[in-house]
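Right, one structure below, let's go through it.
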There are 4 protein chains.
Amino acid sequence: MPPSPRNRSDPDRRRADILEHATGLIGERGYYGFTVQELARRCGLSNPGLLYYFPSKHDLLIGVLDALQADETAAMTPIVEAALQKSSDAAEDRASVLNVLRMIVARAVERPLSGRLLAALQTESLDAGHPAHSWWRARETVLLNLFVKLVDGHVINPAASARQLLAMMDGLCLHWLRADQGFDVVSIWEDALIRLLPELHKADAG
Amino acid sequence: MPPSPRNRSDPDRRRADILEHATGLIGERGYYGFTVQELARRCGLSNPGLLYYFPSKHDLLIGVLDALQADETAAMTPIVEAALQKSSDAAEDRASVLNVLRMIVARAVERPLSGRLLAALQTESLDAGHPAHSWWRARETVLLNLFVKLVDGHVINPAASARQLLAMMDGLCLHWLRADQGFDVVSIWEDALIRLLPELHKADAG
Amino acid sequence: MPPSPRNRSDPDRRRADILEHATGLIGERGYYGFTVQELARRCGLSNPGLLYYFPSKHDLLIGVLDALQADETAAMTPIVEAALQKSSDAAEDRASVLNVLRMIVARAVERPLSGRLLAALQTESLDAGHPAHSWWRARETVLLNLFVKLVDGHVINPAASARQLLAMMDGLCLHWLRADQGFDVVSIWEDALIRLLPELHKADAG
Amino acid sequence: MPPSPRNRSDPDRRRADILEHATGLIGERGYYGFTVQELARRCGLSNPGLLYYFPSKHDLLIGVLDALQADETAAMTPIVEAALQKSSDAAEDRASVLNVLRMIVARAVERPLSGRLLAALQTESLDAGHPAHSWWRARETVLLNLFVKLVDGHVINPAASARQLLAMMDGLCLHWLRADQGFDVVSIWEDALIRLLPELHKADAG
DNA sequence: TATGAATGAGCATTCATTCAT
DNA sequence: GATGAATGAATGCTCATTCAT
């Protein structure tokens, strides 16, 4: 039999390709449920060909999480900083806070693969022995603190509101994925924002 | 030599014991992540001793889900039926609806094992190939329909409110689990209910 | 295809059988060079069927070494103790010492499998990272001390004589194995004993 | 981006460097236990960079053995020939024979790397399937014949004496390596020579 | 000369399951 | 009811080697 043709490709492209497929596959099956072999197959690579880029299953997970985080940071940092900087215009402040909250969900909708990955790991990593456990705890702390800061000064109980926002956001994304993206998350989220943060909306008159 | 002490015990008790441990273990690791062997160990049974009761890993999952559903149905049916039967007293109607919503979360808090299991499978079963996939879709449909019926007549957009309630509920339970049960879900949920369903609360005066 | 017939056999027999084949195979290829699969094949077992008895390759090695040591201890202890107990008859003392030295080689000749295993591990385990490294150091210390005690009182420099005896013994066994057992080790060893320990031989007149 | 610093160096130097590291590594782990990758790492070369010089693992072994033999031949030939040429002076003859025997061990002590390699392969290559098997048989024949010729005319049973010398030599070197070079092999060997070849020593007076 | 990228074969080990008792 | 013994299939990973540059 002829040795399978060597799929040489640009290393950067290959790495990115692997990360994308890994995101999809881990999103589908979770970390425990996916196999390196299946990922290699999807990437059109042999098993060791894949492990050349990420030496172990664990490293693959870390690679995916790092890429996701880098991406998120790059996209969100500017608008988050804008929202945290109190201006002299109260209405503008409120708008920029809502902007961040809307953007997070909008991004999740535009990137269903990442959303799916986050959903999958969110529960799988509840267990202390899971390789993404600490990554998730850190992420949650950061997000919760961010939400607290965002709504602080606008609502009576920032901690409670932050939790509710985070819970609603995660829950909606989850249902949206399970419903095969069969409803309009964005508008339901907008509506939820009005109900959960009325103080930030009646503002137009302020 | 004494033949290893065969742990003979009442079959029904054994079955219940297995289901309980299975609930815990699948909750910790998910369906893909747990092993029959580990479950057998926790039950103090040999590997085939366990499979005598549930002939396969898949059957174990079904057994757990069926038990959970039976339990849930038994507990919720009466108060759900009470809430769905419109009485002549509007305030009472509203109270009974809120009662159902509060009870669902209260039950989850009292049964962290089941809550954990539901959380774990909720995302793992997003994939169409997962053995609990259709079970979850069915469950979601039922719950969503129930919520719609519950709030119908009280709010402007029952479908949207139902989704928000479901999302908030699932999201809060999830965060509560990840936070090692480190905040008061019940009160946050109560507070969320006030915000998401103001129509059902201002009612006392109505 | 029909599932291969299950080779059920008496567990004790099986264990002994595995140990014997393992001794042979590790003797042939060394610890690094042998594979669990090949051993399973030789035992007429599937791969996991073998690992049922010894859960890992490392455990196999330990099992083999323990068995070998137990066997050796059982066989040598009586004559060693006899040799170490000084009697009133000097000639008898000398004879019992020589008896031990002859017996060790005689046993190696009768058990070429064990001899081969010892030879293989002797050098392979020189490396500090080898799983039998410490086992061998312990063995060497014990043997050297034994030899020192055996010849003490009979020769001028017991430490040097002990080393020479040990070296000659190991070297002869090694060459005998490499020569496909093509010369008479026993008689060469007897002859070497006369040269290395003349004090113990001229004794007849003593 | 700068193309990774290609470690270009003088090919002969490189070859020698590889052989030295290979000697060390094979000595540590044996042929089965060492990996081409680890050797490449120690040489500061990429995996294929190493295989450029020795196209396969097997070729590496052969290269090492050939180098070792060439070295040995170059060093020993003169004194061996001197020892084999019977002169008119018997005492001188005896001295030159002892000189060879002393020199062999002295060389091993000065070159612990080669000594270790020889020790490692000595037992590993007992197996007929080992790539150095026939090399070792040849070496043994040559050495044994040499020893026989050396002691012929001086001792009663040259074949037996030759075997004993060879065994003692190999055994002492082995123990010396295992004892972390913690005793004086040379003097123990000298002492052994006196015991094994008294005829060659009392000679001074002869 | 030397490398980065890739591969087929094989490794120890684990898994869900089955058989015989 | 429950077990010890055994299995086929798969898993993550490593190995020596090769290709293209």
Side-chain angles (χ1 to χ4, degrees), chain A residues 1 3-11 14-15 32 34-40 44-53 55-60, chain B residues 3-11 14 32 34-40 44-53 55-60, chain C residues 1 3-11 14-15 32 34-40 44-53 55-60, chain D residues 3-11 14 32 34-40 44-53 55-60:
Chain A
M1 61 202 92
S4 79
R6 305 223 162 188
N7 268 343
R8 184 163 284 237
S9 110
D10 177 54
R14 184 76 357 129
R15 242 190 99 92
Y32 294 139
F34 96 95
T35 74
V36 172
Q37 201 150 33
E38 166 71 2
L39 179 56
L45 266 168
S46 72
N47 204 318
L50 172 65
L51 291 172
Y52 174 78
Y53 290 91
S56 75
K57 193 181 178 182
H58 181 262
D59 289 318
L60 265 163
Chain B
S4 78
R6 307 219 163 188
N7 272 343
R8 195 163 283 226
S9 100
D10 177 50
R14 213 359 77 96
Y32 293 139
F34 95 96
T35 73
V36 172
Q37 199 151 21
E38 166 71 2
L39 179 56
L45 265 167
S46 75
N47 206 318
L50 173 65
L51 292 172
Y52 173 80
Y53 292 91
S56 76
K57 194 181 178 181
H58 181 263
D59 291 318
L60 265 163
Chain C
M1 63 203 88
S4 78
R6 306 222 161 191
N7 267 344
R8 185 163 283 240
S9 107
D10 176 55
R14 190 54 26 114
R15 241 190 99 92
Y32 293 140
F34 95 96
T35 73
V36 172
Q37 202 150 34
E38 166 71 2
L39 178 57
L45 266 169
S46 72
N47 206 320
L50 173 64
L51 291 172
Y52 175 79
Y53 291 89
S56 75
K57 194 180 177 182
H58 181 263
D59 289 319
L60 266 163
Chain D
S4 78
R6 305 220 162 189
N7 271 344
R8 194 161 284 226
S9 99
D10 177 51
R14 216 352 82 96
Y32 294 138
F34 96 96
T35 74
V36 172
Q37 200 150 21
E38 166 71 1
L39 178 57
L45 265 166
S46 73
N47 207 318
L50 172 66
L51 291 173
Y52 172 81
Y53 292 91
S56 75
K57 194 181 178 181
H58 182 262
D59 291 317
L60 265 163

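As the structure is a computational prediction, the values presented were derived from the model and not from experiment. Each chain gets a letter, A, B and so on, in the order its sequence line appears, and its residues count up from 1.
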Could you check how far [atom1] of [X] sits from [atom2] of [N], rounded to whole Å?
X	N	atom1	atom2	answer
Arg15(C)	dA5(F)	CZ	P	11 Å
Leu39(D)	dT17(F)	CG	C1'	15 Å
Asp10(B)	dG1(F)	CG	P	8 Å

Got a sec, which residues hit side chain to side chain donor-acceptor pair (under 3.5 Å) with [X], two or more places apart in sequence or on another chain?
X	value
Thr35(A)	none
Ser9(A)	none
Glu38(B)	Arg41(B), Arg42(B)
Asn47(A)	none

Check your understanding: How would you label the contact of Leu45(A) with the nucleic acid (heavy atoms, under 4.0 Å): base, sugar-phosphate, or nothing?
Key -> sugar-phosphate
Exercise for review: Taking only the side-chain heavy atoms of Arg8(A) (C-beta and beyond), determine which of dA2(F), dC19(F), dG8(F) contains the nearest atom.
Suggested key: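 Closest nucleotide to the Arg8(A) side chain: dC19(F).
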**Study point:** Listed nucleotide nearest any side-chain atom of Ser46(B), set dG4(F), dG1(F), dA6(F)
**Key:**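 That would be dG4(F).
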Review point. How would you list, by chain and number, every residue that makes a ring-ring contact (aromatic ring centres under 6.0 Å, His included) with Tyr53(A), sequence neighbours excluded?
Key: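 Once residues adjacent in sequence are excluded, Tyr53(A) has no partner under the ring-ring contact (aromatic ring centres under 6.0 Å, His included) criterion.
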**Study point:** Counterpart residues, ring-ring contact (aromatic ring centres under 6.0 Å, His included), relative to Phe34(D) (two or more places apart)
**Key:**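 Phe34(D) satisfies ring-ring contact (aromatic ring centres under 6.0 Å, His included) with no residue once adjacent residues are dropped.
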Does [X] have a side-chain nitrogen or oxygen under 4.0 Å from the phosphate oxygens OP1 or OP2 of [N]?
X	N	result
Tyr52(A)	dA6(E)	no
Tyr53(C)	dA6(F)	yes
Arg14(A)	dA6(E)	yes

Point to revise | Residue closer to the 5' end of DNA chain E, Glu38(C) versus Gly49(A) (nearest nucleotide) | key: Gly49(A)
Could you run down the sub-3.5 Å N/O contacts of the protein with nucleotides 13-15 of chain E?
from	atom 1	to	atom 2	distance (Å)
dT13(E)	OP2	Lys57(C)	N	2.7

Revision key, fill the gap. Heavy-atom nearest pair, Ala40(C) first then Ser46(C), reads CB-O, 3.8 Å
Check your understanding: Using a 3.5 Å cut-off on both pairing distances, which stems of three or more Watson-Crick or G-U pairs include DNA chain F?
Key -> E:2-21 with F:2-21
Review point. Rounded to the nearest 0.5 Å, how far does CG of Leu39(A) lie from CG of Leu60(A)?
Key: 6.0 Å
